[in-house]
*Asks:* 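The structure under discussion is supplied below as structure tokens; questions concerning it will follow.
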Amino acid sequence: MGKIEWAMWANEQALASGLILLTGGIVGVAGQFRGWQFAAYAVAAGVFVCLLEYPRSKRAKGTSVERTGQYCFTVCVKAFGPLTRNYYVRAFLHAAICVPGGFMLATVLGCVCLGIASLIYLAAAIRGEHWEPILPRKEIRKPVGESIKNPPQNPPPRPPPEMRRKQAGDLEKSAYDNPMSVTDDE
Amino acid sequence: MANCIVNYGFSSFILFVWMAINIFLFVWFYFFYDLGPQFFYTRHILGSALAWARAPAAVLNFNCMLILLPVCRNLLSLLRGSFVRCSRTMRKQLDKNLTFHKLVAYMIALMTAVHTIAHLFNLERYNNSRQGVYDELSTALSDLADTENTTYLNPIRITNLIPTYFGFTSIAGLTGVVITLALILIITSSMEVIRRSYFEVFWYTHHLFIIFFAGLVFHGAGFLSTWMYVIGPMVIYICERLVRFTHISPAATSTLFIVMRPSKVLELQLIKNGFKMEVGQYVFVNCPAISQLEWHPFTMTSAPEEDFFSIHIRSAGDWTDKLIDIMKKVPEGAEGPKLGVDGPFGTASEDVFDYEVSMLIGAGIGVTPFASILKSIWYKFKDSDPKLRTRKIYFYWLCRETHAFEWFADLLQVLEKEMEERGMGDFLTYKLYLTGWDQSHATHVMVHFDKDTDVVTGLKQKTHYGRPIWDKEFEQVRKENPTSIVGTFLCGPEALGKVLEKKCAKYSDVDPRKTRFYFNKENF
């Protein structure tokens with residue numbers, strides 16, 4: 001499995017975990033379960049994870065497919081520089097975030113899923129992957145050649161007027177010999 | 001609207017029936033648990049969460065039964081074989097197997113979510129009742145224990161535990177968490193991005209379904225007897241995999257020829273005892289030297305009339321790259337590594353000779369099923385096969401770069417010559433489209449404009465540049481065949497499939513005496 005970018009799968013898994021954590025948290029708070037404080041935390045953690053994981057990274061090889069409307073998220077995530085770029089940071093961050101989820105049944109699934117995502121991110125980091133923002137490509141127009149701005153000032157050289165006037169009687173002398181062939185027979 | 005019915009009618013019907021069964025199961029079981037008198041006291045403790053948990057469970061049973069069936073390819077091939085005398089529409093349904101598999105998977109995911117949330121409420125309420133948080137009746141009911149005269153109502157017997165503990169120590173709870181986890185991993189690795197780029201991750205993680213089904217049987221034991229629903233498809237699927245492992249051992253296949261083609265395409269010609277194929281079918285290939293467990297699908301490019309079968313493999317990932325590497329290093333005339341072959345499995349291309357008129361569209365390497373068809377035509381011509389119902393074939397090949405033409409150009413040249421000799425020049429109309437042209441191509445073509453044969457392929461038929469204008473093509477086909485049924489076959493990208501589907505619908509006439517276009521799509 002040499003060519004896999006583990007971060008891609010880690011990203012999908014983390015996004016799914018964020019949603020599951022969020023859902024579990026909402027259920028815990030809405031149902032006023034025992035330990036609902038953990039559920040409230042899970043709501044916040046879930047939203048945070050979703051926001052962090054929504055923008056996809058640019059792939060090292062191959063075409064990257066953006067998620068709909070991810071540009072604003074990309075800009076935000078990019079602003080944190082090395083914190084979001086490095087996958088070791090992400091792996092430990094997810095591992096830390098998921099722990100409080102384990103204290104309540106409603107959020108335990110989100111906790112385990114996020115833990116798995118953290119492990120996959122760790123694998124990605126060990127393989128040297130990092131997060132690259134997908135930014136719209138700026139079209140680079142080829143610079144137009146300089147000579148187009150300076151058209152020739154003078155007409156091409158011609159023989160003197162006496163020779164140019166066609167001698168009606170003298171066909172031989174008025175014929176013009178081309179230095180190069182202008183037919184396409186050759 | 002009428003065109004929609006012609007093209008999509010049967011699919012919609014199947015989907016409607018499936019959805020209707022789902023809704024019926026949900027509603028029926030919901031009211032069974034919400035109104036049934038035997039659950040009166042349980043409902044006192046749990047409220048409507050009981051019904052909300054049991055109704056999706058029923059839907060889950062039904063869908064888990066269905067999910068294995070669309071991927072039993074041998075079974076599907078068997079069904080296709082037995083439908084030979086049935087109408088076209090029945091067989092087209094079987095092509096949409098993967099779409100159906102995904103739809104059932106989404107339903108399973110949705111119902112799992114509802115089921116889990118409802119059970120979270122259930123556990124919380126059971127636990128609270130046990131600890132006397134609610135009214136006296138709930139506490140009294142929860143106190144009922146397993147004695148001679150009574151059985152317990154509340155499954156939580158101990159008064160001082162937390163729901164998480166119960167969740168992980170009961171069989172239903174533990175299996176529930178495990179299989180939901182397996183389901184989540186399966187789904188995240190099946191996302192289109194992962195599946196298209198890293199097939200191995202998708203394929204290996206998908207095998208977590210074994211854990212899913214094993215856990216499911218234990219999870220649903222007793223309540224809804226899940227095993228009764230899923231045992232049938234599980235047995236069928238196990239047979240399916242056994243078939244792969246036993247009768248397709250690598251010893252049975254031998255490699256006849258290994259040919260390296262340009263554009264990193266490898267052609268393998270293989271022989272296998274008792275192997276019978278039809279046009280456009282595909283096989284699964286396994287190379288134990290690379291990986292014991294991986295089976296990859298490839299369409300066959302040879303015709304059934306030949307005494308070997310061939311596949312063209314393009315470099316498109318880890319496994320194919322390694323295979324091409326190994327094959328390159330095999331010295332002249334030597335045997336090459338052992339390969340296991342499972343199949344053949346049939347897809348839409350088998351139908352191509354049933355249509356009076358066929359439009360074949362292949363994009364890039366997607367031309368492979370049609371290579372098989374064109375070769376078969378050539379053989380049928382030579383033998384003047386009366387079973388050939390087709391009167392006319394329109395072939396469109398879209399390709400990005402010129403190199404990829406070479407291995408196919410031979411075939412087209414032979415066909416061109418053959419048809420001219422027999423005076424059947426208008427049987428096959430083919431148009432080649434070079435979609436990746438640039439300025440140097442255009443210049444080259446301009447310079448050689450007057451030559452008789454095409455400068456790129458050496459064929460009489462000139463290469464077109466850019467993409468085809470489908471409206472014009474469909475108009476032309478309709479004009480030339482005013483009363484026929486035209487089968488349209490595509491092997492290529494989704495986007496093109498959608499375009500063609502729309503065009504088929506647009507140019508089809510509801511009147512059965514006029515031209516009608518049927519759309520068939522291959523996908524892997």
*Asks:* What pairs with B/Y126 under ring-ring contact (aromatic ring centres under 6.0 Å, His included), at least two apart in sequence or on another chain?
*Replies:* none
*Asks:* Most heavy-atom pairs under 4.5 angstrom with chain B, which of A/V27, A/L15, A/V65?
*Replies:* A/V27
*Asks:* Got a list of side-chain donor-acceptor pairs under 3.5 Å for residues 104-113 of chain A, not counting sequence neighbours?
*Replies:*
residue, atom, partner, partner atom, Å
A/T107, OG1, A/G101, O, 2.6
A/T107, OG1, A/M104, O, 3.2

*Asks:* For the candidates A/R56, A/M8, A/R34, A/R59, which exhibits the highest count of non-hydrogen atom pairs separated by less than 4.5 Å from chain B?
*Replies:* A/R34
*Asks:* For A/I20, is it the side chain, the backbone, both or neither that has a heavy atom under 4.5 Å from a heavy atom of chain B?
*Replies:*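 Contact with chain B: side chain only.
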*Asks:* Check whether A/S17 gets within reach of chain B through its side chain, its backbone, both or neither, counting any heavy atom under 4.5 Å.
*Replies:* neither
*Asks:* Given heavy-atom pairs under 4.5 angstrom as the criterion, report whether the side chain, backbone, both or neither of B/L123 touches chain A.
*Replies:*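 Contact with chain A is through the side chain of B/L123 alone.
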*Asks:* Is it the case that the ring center of A/W131 lies less than 6.0 angstrom away from the ring center of A/Y87?
*Replies:*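 No: the rings miss the under 6.0 Å criterion.
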*Asks:* Would you call the rings of B/H119 and B/H115 parallel, tilted or perpendicular, where under 30° means parallel and over 60° means perpendicular?
*Replies:* perpendicular
*Asks:* Does the separation of the ring centres of B/H296 and B/F284 fall below 6.0 angstrom?
*Replies:* no
*Asks:* Is B/T205 close to chain A through its backbone or its side chain, or both, or neither, when contacts mean heavy atoms under 4.5 Å?
*Replies:* side chain
